[in-house]
Amino acid sequence: MTRPKPIDWLVLAALVVTWGSAFAALKIAVAHIPPFWNTALRLWIAVATLGLVLAVQRQGLPGWRDPAWRFYAFNGLVGMAVPFALFALAAERLPSAINAICNGASPIFTALLAHAFVSGERLTARKAGGVGLGFVGLLVLVGPRLTGGLSLEALAVIGALAGAALYAVSNVVTKRAPPVPSSVGALMMCAWGAVFATAAAVFTGPFPAWPPMSAVLAVTAQGVFPTALATIGYVYLIQRRGPLFLSMAIYMAPLWATVVGVLFLAERLNWTAFAALALILGGVALATLEPRRAGAPAAT
């Protein structure tokens with residue numbers, strides 16, 4: 001695989017900012033909107049946003065018999081509806097930064113699954129060391145929270161880590177899906193996710209009363225930016241660079257989420273959170289940045 005181009009890094013940086021900020025918006029929203037309804041609303045907002053994008057691009061969706069629909073139906077379930085709900089449930093108990101750092105487990109699962117199922121994504125000794133270092137960082141973060149048994153906070157951590165594992169499955173499936181334009185794939189994935197999430201929300205409780213404007217803005221921001229527009233970038237990077245390169249955004253997003261949580265939500269984190277971030281970022285360098293060979297040409 002060729003070295004990443006500047007546009008790849010630009011899209012990656014945009015994903016870090018949007019995904020990292022999403023956890024603060026999620027924390028604000030679930031204070032007033034039940035987690036399952038928050039998931040359904042953000043996905044329908046994403047569907048509307050992506051519909052506008054496709055209209056501007058004058059792109060259409062493939063026919064219903066196209067096999068891409070089956071791949072994105074699966075991804076809408078395991079890559080959006082279920083993990084979004086798990087992270088929303090966790091947000092009721094965890095600081096937004098901790099929820100985001102739990103999401104940092106996704107590249108660990110992604111690297112292992114990609115090694116087994118994606119051509120050209122084999123684990124080298126360097127990448128395996130990076131995965132291991134990132135995993136140590138996660139243990140530093142979540143280990144103390146699990147020592148007291150299965151408290152509500154511990155269950156929230158477990159749920160967030162389960163959501164991260166499902167993201168990894170989705171990363172690998174997207175890489176193997178029939179190729180479609182990134183905005184088309186994003187809309188297909190969000191549409192299926194919205195259907196599944198709405199069914200779950202209706203089953204768990206009635207539609208909530210109109211929430212405060214802060215929650216309305218928060219769920220709208222979740223739908224437009226980290227769900228709709230970021231999913232275009234997600235599909236784009238998966239198709240161009242593969243799931244392991246994309247996983248770097250998931251490693252970096254907790255750092256941005258920590259800054260947002262501390263500055264805007266007044267969250268107070270202990271030293272273990274910052275130690276975990278340092279270990280995770282070290283794992284990023286090992287797992288995703290290949291050493292440049294002598295004489296290799298620069299990316300253009």
* More than 12 non-hydrogen atoms from neighbouring residues, nucleotides or ligands closer than 6.0 Å to CH2 on W69, yes or no? ->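 Count over threshold, so yes.
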* Asked: Taking atom CH2 of W192 as the centre, does the number of heavy atoms from other residues, nucleotides or ligands within less than 6.0 Å exceed 12?
  ->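 No, because the 6.0 Å sphere around CH2 of W192 holds 12 heavy atoms or fewer from other groups.
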* **Candidate pair S21 and W256, rule side-chain contact (heavy atoms from CB on, under 4.5 Å), full reasoning** => CA-CA 7 Å; S21 302; W256 183 263; 2.9 Å; yes
Considering all heavy atoms, the nearest [X]-[Y] contact:
{"X": "A201", "Y": "A40", "value": "CB-CB, 4.4 Å"}
{"X": "G20", "Y": "A257", "value": "O-CB, 3.3 Å"}
{"X": "A221", "Y": "P226", "value": "O-CD, 3.1 Å"}
{"X": "P208", "Y": "I33", "value": "CG-CG2, 4.3 Å"}
{"X": "G79", "Y": "P83", "value": "C-CG, 3.5 Å"}
{"X": "L94", "Y": "N99", "value": "CD1-OD1, 4.3 Å"}

Cluster overlap [X] with [Y], hydrophobic side-chain contacts below 4.5 Å:
{"X": "V202", "Y": "L41", "answer": "yes"}
{"X": "V157", "Y": "L166", "answer": "yes"}
{"X": "V78", "Y": "L113", "answer": "yes"}
{"X": "I28", "Y": "V17", "answer": "no"}
{"X": "L265", "Y": "L26", "answer": "no"}

* With distance as the sole criterion, is a donor-acceptor pair present between the side chains of Y234 and S170 under 3.5 Å? ->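 S170 and Y234 do have a side-chain donor-acceptor pair below 3.5 Å.
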* With distance as the sole criterion, is a donor-acceptor pair present between the side chains of W37 and T198 under 3.5 Å? ->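 No - no donor-acceptor pair under 3.5 Å links their side chains.
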Using 0.5 Å steps for rounding, measure from the [atom1] atom of [X] to the [atom2] atom of [Y].
{"X": "M188", "Y": "L50", "atom1": "CE", "atom2": "CG", "answer": "12.5 Å"}
{"X": "N103", "Y": "I98", "atom1": "CG", "atom2": "CD1", "answer": "12.5 Å"}
{"X": "C190", "Y": "N75", "atom1": "SG", "atom2": "CG", "answer": "10.5 Å"}
{"X": "L12", "Y": "I7", "atom1": "CG", "atom2": "CD1", "answer": "11.5 Å"}
{"X": "L237", "Y": "I232", "atom1": "CG", "atom2": "CD1", "answer": "12.0 Å"}
{"X": "Q59", "Y": "S182", "atom1": "CD", "atom2": "OG", "answer": "7.5 Å"}

Does [Y] offer a backbone N or O that forms a donor-acceptor pair with the side chain of [X] under 3.5 Å?
{"X": "K27", "Y": "A22", "answer": "no"}
{"X": "T124", "Y": "K127", "answer": "yes"}
{"X": "T18", "Y": "L15", "answer": "yes"}
{"X": "D8", "Y": "K5", "answer": "yes"}

* Check the pair T258 / I101 against side-chain contact (heavy atoms from CB on, under 4.5 Å), numbers first and verdict last. => CA-CA 8 Å; T258 299; I101 297 173; 4.1 Å; yes
* Asked: Tell me the ring-ring contact (aromatic ring centres under 6.0 Å, His included) pairs involving residues 74-103, sequence neighbours left out?
  ->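 Only F23-F87, F87-Y167 qualify under ring-ring contact (aromatic ring centres under 6.0 Å, His included).
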* Test applied, side-chain hydrogen bond (donor to acceptor under 3.5 Å, both in side chains); reference residue, Q222; option that passes from N38, T39, T227 ->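 Going through N38, T39, T227 one by one, the side-chain hydrogen bond (donor to acceptor under 3.5 Å, both in side chains) with Q222 is satisfied by N38 alone.
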* To do: Please tell me if the side chains of F36 and L89 come closer than 4.5 Å, counting only heavy atoms from C-beta onward.
  =>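 A side-chain contact exists here, since the closest heavy-atom pair is under 4.5 Å.
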* Asked: N171 and F109: side-chain contact (heavy atoms from CB on, under 4.5 Å), yes or no, with the steps?
  -> CA-CA 10 Å; N171 289 344; F109 302 122; over 6 Å; no
* Asked: Going through the distances and angles, do V184 and Q57 end up as a side-chain contact (heavy atoms from CB on, under 4.5 Å)?
  -> CA-CA 10 Å; V184 172; Q57 295 176 337; over 6 Å; no
